[in-house]
Amino acid sequence: GFSEAAQDISFAAMAGKQRQLAAIVQADPDVAGYVSAIGASGASPAMNTGRMYITLKPRDRRKASATEIIDRLRPKLAQVEGAALFLQPTQDINVGGRLSRTQYQYTLQDADLAELDSSAPRMLEKLKGLPELQDVASDQQTGAPTVTMTIDRDTAARFGIQPQLIDDTLYDAFGQRQVSTIYSDINQYKVVITALPRQALGPESIGRLYVRSSRGEMVPITALTRMQDTLAPSSIEHEGQFPVMNLSFNLAPDVSMGEAARLIDQTLRDLRLPGDIRGEFGGDFRRFQQQQSDTPLLLLAAILAVYLILGMLYESLVHPLTILSTLPAAGVGAMLALLLTNTELSVVSIIAIVLLIGIVKKNAIMMIDFALAAERERGLD
């Protein structure tokens with residue numbers, strides 16, 4: 001699970017939201033336990049995010065699959081105001097190293113960050129309106145409330161106060177500065193100086209800070225600075241040297257990856273986004289597209305290699321064709337079996353098809369060997 005709250009949320013408030021989400025997850029009868037964490041991490045540098053690793057009960061002790069449990073939890077988690085938890089089943093095989101809020105990723109890239117910030121939300125809203133997609137989310141973090149403080153150097157100079165003193169005072173109050181270490185016989189403890197939690201609830205807390213002038217006077221920091229409230233990105237994702245915005249989503253039931261890819265590409269074309277914005281799939285979707293273009297060539301190369309090996313084995317150009325003629329029927333039978341059992345063409349299914357083809361080809365080789373032995377030893381035609 002990947003949790004997200006408002007960009008101006010405090011650490012304490014985020015912890016409370018995470019506990020509410022975790023309580024809903026833990027209450028599910030098929031959940032065995034969970035591990036929860038909040039704050040910046042490798043998945044996201046933003047402080048308003050969290051992670052949750054959920055362990056389900058063994059399959060023989062629950063009736064629902066991981067996807068069904070996610071569908072069951074989704075409306076309950078939506079009742080938590082001010083926070084969202086995006087869930088995805090753990091994959092046996094992961095393609096790509098980028099972590100996202102949900103299972104599949106789509107990336108928008110542009111050299112102009114301002115253009116990307118203004119256009120990407122339009123794409124996000126369009127994808128949220130597609131019934132074929134679920135849990136559509138974005139890692140865009142561009143609306144964090146920010147206080148920009150500018151030091152009035154002339155005023156500070158009249159009081160004999162250096163800008164470094166103002167910077168150090170702010171860091172002492174809000175930066176959790178380590179000032180000492182206490183050593184004991186078996187452990188050591190870091191001493192951190194910081195304002196009390198009730199003294200650092202908002203920007204107005206800066207008004208209670210003072211610095212000492214060269215004449216020993218206590219001067220409020222607000223008399224030496226100008227403050228301006230603005231919005232700024234709390235994090236900016238990059239791919240290569242260009243800023244990107246990553247959209248993530250899950251597929252609705254009975255929706256294939258190929259169908260979703262066509263819908264997303266068509267949505268991007270219909271929006272006619274300005275500039276050099278381009279979109280591409282990541283992770284499993286990117287591998288799926290590569291596989292679509294590479295698979296026919298791989299199959300052709302494999303069939304050619306099998307033909308050459310069997311041709312050298314039997315010293316014949318005809319017998320390999322007899323063996324390979326069994327493969328189309330095996331492939332069609334495998335696809336019909338997948339359709340009848342409503343099984344996805346997953347990596348495991350492809351491995352099973354390869355094993356089936358191997359078994360069928362082995363049987364064909366045994367038939368050819370039997371016929372050649374009968375011809376050689378019994379004089380049959």
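- When atom types are taken as modelled, the side chain of Gln18 and the backbone of Arg51 share a donor-acceptor pair closer than 3.5 angstrom.
- Here the side chain of Glu115 pairs no donor or acceptor atom with the backbone of Asp112 at under 3.5 angstrom.
- The distance from atom CG of Leu251 to atom OG1 of Thr67, rounded to the nearest 0.5 Å, is 10.0 Å.
- Summarising the geometry, atom NZ belonging to Lys63 is positioned 12.5 Å from atom NZ belonging to Lys57; distances are rounded to the nearest 0.5 Å.
- If you check the side chains of Tyr104 and Asp135, you find no donor sitting under 3.5 Å from an acceptor.
- Atom CD1 in Ile365 sits 4.5 Å away from atom CD1 in Ile323 (nearest 0.5 Å).
- One distance of note links CG of Leu127 with CZ of Phe249; it measures 7.5 Å at 0.5 Å rounding.
- A donor-acceptor pair under 3.5 Å is formed between the side chain of Ser3 and the backbone N or O of Gly50.
- Panel note: side chain Ser325, backbone Thr322; a donor-acceptor pair is recorded below 3.5 Å.
- Counting heavy atoms of neighbouring residues, nucleotides and ligands inside a 6.0 Å radius, atom CZ of Arg212 does not exceed 12 of them.
- Side-chain contact, Thr341 with Thr343: a donor N or O sits under 3.5 Å from an acceptor N or O.
- Counted within 6.0 Å of CE on Met367, heavy atoms from surrounding residues, nucleotides or ligands total 12 or fewer; the atom is thus considered open.
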Quiz item: Does the ring-ring contact (aromatic ring centres under 6.0 Å, His included) test come out yes or no for Phe2 and Phe86, once each step is laid out?
Solution: CA-CA 5 Å; Phe2 193 101; Phe86 303 97; 7.6 Å; no
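- Tyr210 places no side-chain N or O within 3.5 Å of a backbone atom of Glu217 that could act as its donor or acceptor partner.
- The 12-atom threshold is exceeded at CE of Met218, counting heavy atoms of other residues, nucleotides or ligands nearer than 6.0 Å.
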